[in-house]
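All ligand and atom numbering here is 1-based and tracks the order in the structure. Excluded from the calculations below are hydrogen atoms, water molecules and symmetry mates; all remaining heavy atoms, backbone and side chain alike, are included. If you read the sequence from its start, that first residue is 1, and numbering goes on from there.
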Amino acid sequence: MSNSIIKVAITGAGGKMGMEAVKMVTSTPHFQLVAGIDTQNGGKLFSEIPGMPNVDVPMYTDLHKAFSEHECDVLIDLTNPKFGRKHMEIAFEHGVRPVVGTTGFTEKDVEELSAIAEEKALGAIIAPNFAIGAILMMKFSQMAAKYLPDVEIIEMHHDRKLDAPSGTAIKTAQLISEVREPKQQGHEDEKEELPGAKGADYQGMRIHSVRLPGLVAHQEVIFGGIGQTLTIRHDSIDRTSFMPGIRLAVETAMKLDVLVYGLENIIE
Ligand SMILES: NC(=O)C1=CN([C@@H]2O[C@H](COP(=O)(O)OP(=O)(O)OC[C@H]3O[C@@H](n4cnc5c(N)ncnc54)[C@H](OP(=O)(O)O)[C@@H]3O)[C@@H](O)[C@H]2O)C=CC1
Ligand SMILES: O=C(O)C1=N[C@H](C(=O)O)C[C@H](O)C1
């Protein structure tokens with residue numbers, strides 16, 4: 001970093017999260033937005049796009065071109081599972097640190113991208129959820145699972161979401177699996193009369209994905225014990241909930257030389 005201003009580009013800038021991230025970056029005094037990348041608005045300035053801040057910053061459709069025309073420290077990627085990994089690889093190639101909210105990465109993707117970050121000595125962050133309340137929900141769930149290992153996860157999202165289960169549900173299951181031995185839950189002879197009725201199976205934990213208009217991003221983790229249940233629930237009712245986490249990740253990525261998977265690993 002040449003000075004204290006962090007130069008930021010955003011892939012998916014025209015999407016629901018991307019538009020919110022553009023507002024966050026342009027209203028953060030020590031961040032400078034240098035480029036936006038999406039599929040629709042290449043060749044325009046943000047100031048020409050309805051709903052975007054009135055800044056004369058260019059939009060591109062080609063990430064290589066954006067990086068070749070602008071010095072950049074951090075790429076915020078908020079696109080989709082098909083392109084998120086490619087965008088990270090392009091960022092590494094150009095010496096840019098990726099901060100990624102896009103979900104749908106496999107464990108193998110995370111391992112391989114970690115190896116690239118290490119080789120290039122570049123900080124990178126992949127966070128399936130940037131909302132502090134969601135991080136607490138996951139941490140509390142991990143605490144509870146040690147004592148109540150019978151657990152089901154119900155994640156609920158808007159109906160434009162591409163991936164299921166959500167990145168948050170998978171991360172929650174991964175964190176729980178660190179303290180819970182894999183085990184089958186429910187009746188040993190149970191049978192699904194309709195395929196999918198029991199949800200996805202992660203080491204015996206069930207994950208259910210609800211998709212409905214009107215929802216934003218919500219998750220319940222339900223634990224069952226003898227004579228009792230415990231429900232831990234988080235609701236993002238607005239996408240502004242993710243912005244402080246993205247801001248922190250951009251700042252932190254500048255100080256890292258490895259890839260970190262999960263915001264819980266960078267908050268105090
Ligand atoms: N980590 C977190 O806290 C959160 C993560 N997410 C994740 O962020 C991602 C985006 O979510 P959301 O904003 O709701 O989705 P949207 O569909 O609203 O936005 C995605 C945007 O990416 C654009 N896009 C697609 N392909 C490319 C490409 N190759 N290059 C540049 N831009 C591209 C899309 O354009 P087009 O529509 O033209 O294809 C669209 O504008 C999802 O993976 C979601 O799961 C969401 C909320 C919070
Ligand atoms: O697509 C979304 O909207 C969200 N995606 C992330 C996920 O898959 O967990 C984070 C949040 O739930 C919103």
Which bit of Ala217 is near ligand 1, meaning a heavy atom under 4.0 Å away: side chain, backbone, both or neither?
neither
Atoms of ligand 2 under 4.0 Å from any heavy atom of Asn129, numbered from 1 in the order shown, are 10 (C), 11 (C), 12 (O)
Electrostatic pair Lys108-Glu112, nearest N-O below 4.0 angstrom
yes
Backbone, side chain, both or neither: what part of Ala127 comes under 4.0 angstrom of ligand 1, heavy atoms only?
backbone
Polar contact flag for Arg239 and ligand 1 (N/O pairs, less than 3.5 Å)
no
Look at atom 20 (C) of ligand 1 and find which of Leu78, Thr39, Ile10, Thr168 reaches it with the closest heavy atom.
Leu78
Looking only at distances, can you tell me whether any N or O atom of Gly167, backbone or side chain, sits closer than 3.5 Å to an N or O atom of ligand 2?
yes
Please say whether the positively charged group of Lys171, taken as NZ for Lys or CZ for Arg, lies over the ring of Tyr261, i.e. under 6.0 angstrom from the six-membered ring centre and within 45 degrees of the axis.
yes
Which of the atoms in ligand 2, numbered in the order shown and given with their element, are less than 4.0 Å from a heavy-atom of Ala217?
11 (C), 12 (O), 13 (C)
Select one of side chain, backbone, both or neither to describe which atoms of His157 lie under 4.0 Å from any atom of ligand 2, heavy atoms only.
side chain
Has the side chain of Asn41 got a donor or acceptor atom that lies under 3.5 Å from a matching backbone atom of Lys44?
no
Between Asp150 and Lys183, does at least one N-O distance fall below 4.0 Å, as a salt bridge requires?
yes
Assess His158 for proximity to ligand 2: is some non-hydrogen atom of it under 4.0 Å away?
yes
Ranking Gly101, Pro81, Gly12, Ala13 by closest non-hydrogen atom to atom 23 (C) of ligand 1, top hit is Gly12
Considering only heavy atoms, does Thr168 approach ligand 2 within less than 4.0 Å through its side chain, its backbone, both, or neither?
both
Indicate, as side chain, backbone, both or neither, the part of His87 found under 4.0 angstrom from ligand 1 when only non-hydrogen atoms are considered.
side chain
Applying a 4.0 Å heavy-atom criterion (strictly less than), which segment of Ser166 is in contact with ligand 2: side chain, backbone, both, or neither?
both
Any protein heavy atom lying closer than 4.0 Å to atom 37 (O) of ligand 1?
no
Close aromatic pair by centroid cut-off 6.0 Å: His234 and Phe140
no
Answer with yes or no whether Met19 contacts ligand 1, where contact means a heavy atom under 4.0 Å from a ligand atom.
no
What atoms of ligand 2 come closer than 4.0 angstrom to any heavy atom of Pro128?
6 (C), 7 (C), 9 (O), 10 (C)
Quick one: does ligand 1 sit under 4.0 Å from the side chain of Lys161, the backbone, both or neither, non-hydrogen atoms only?
side chain
Please determine if Gln40 has a nitrogen or oxygen closer than 3.5 Å to a nitrogen or oxygen of ligand 1.
yes
Short version for Phe83: what comes under 4.0 Å of ligand 1, heavy atoms counted, is side chain
